[in-house]
**Student:** 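Following this message is one structure expressed as structure tokens.
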Amino acid sequence: MSTKIALGIDVGGSGIKGAPVDLETGQLLAERVRIDTPSPSTPQAVAQVCAEIATTFNLDSEVPVGVAIPAPVNNGHIPFMANLDQSWTGVDANEIMRDIMGRHVTVINDADAAGYAEARYGAARGVKGLVIATTLGTGIGSALIYNGVLIPCSELGHLEIDGYDAEKRAAASIRTLEKLDWPEWSERLQRYYETVEMLFSPSIFVVGGGVSRKHDKFLPLLKLRTPIVPAVLFNGAGIAGAAALAAADE
Ligand code: BGC
């Protein structure tokens, strides 16, 4: 089915946000609706909130819905969950969302959604070869997009570097937790990005997540061969990418 509009919903640790998206441009067509992430953040409780968000926009029942979540998603199946309720592990998230929302829903990894949006509509639009998009937040998410095609579930935030799970050293949440100043945090980002660069030799890195608004404090401190640029879609990236990937899944 060819469609011009889809609903994108981005599930985060503290909030769930959604808006309808213009699939030509990636622009949000209405103000985002935000509802607190329920606690415990079980798949059923999250699906109820997603249903509530979908209802507020009064969309045609045919409009595809993409839901981005902070875990790898293999055709709806969740092999593990790092930062939401552990009951997500092993479930078919597409099925749960479809049952509770009563719509055709496609569940997607949050970084895959945001990275895909940056490659299609944002900072890496038109870049040939391999785009690696990363999100620096509670954890580190990653997306690999090769000539416009998403290679899902990359999970490069969990690379083991210097004996640590990378996101436990270099996520934005760790900067806050350990009260690291920008140069201290940048040293950890340097180790992270130089390792990913050595393994993949990408054409470009895109850096997203809320902290990317302050990119001038840390990106200039990184010494890499690969161009590294801030995301441009910010809060809208996960929503736009989830919508676009859901429409492609129809
Ligand atoms: C999860 C990823 C997710 C990233 C950002 C990681 O801990 O394993 O699936 O994309 O956090 O939310």
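All ligand and atom numbering here is 1-based and tracks the order in the structure. Since this is a predicted model, take the numbers as computed values, not measurements.
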**Student:** Charged N to carboxylate O under 4.0 angstrom, Asp181 versus Lys179?
**Tutor:**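 Salt bridge between Asp181 and Lys179, a charged N being under 4.0 Å from a carboxylate O: no.
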**Student:** Roughly how far, to the nearest 0.5 Å, is the CZ atom of Phe200 from the OG1 atom of Thr195?
**Tutor:**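 Nearest 0.5 Å value for the OG1-CZ distance: 11.0 Å.
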**Student:** Just to be sure I understand the cut-off, which residues have at least one non-hydrogen atom under 4.0 angstrom from an atom of ligand 1?
**Tutor:**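 Heavy-atom contacts below 4.0 Å: Pro70, Ala71, Pro72, Phe80, Ala82, Asn83, Asn109, Asp110, Ala111, Ile140, Gly141, Glu155, His158, Glu167.
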**Student:** Which one of Val107, Leu59, Val105 satisfies the side chain to side chain contact (heavy atoms under 4.5 Å, CB included) criterion with Val65?
**Tutor:**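 That would be Val105.
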**Student:** Any luck finding a side-chain donor-acceptor pair between Arg120 and Tyr116 under 3.5 Å?
**Tutor:**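 Side chains of Arg120 and Tyr116: pair found under 3.5 Å.
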**Student:** Between Ser154 and Ser142, is there a side-chain donor-acceptor contact under 3.5 Å, judged purely by atom types and distance?
**Tutor:**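 There is such a pair (donor and acceptor under 3.5 Å, judged by atom type) between the side chains of Ser142 and Ser154.
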**Student:** Just wondering, are more than 12 heavy atoms of other shown residues or ligands nearer than 6.0 Å to CZ in Phe234?
**Tutor:**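 Atom CZ in Phe234 is packed in, count exceeds 12.
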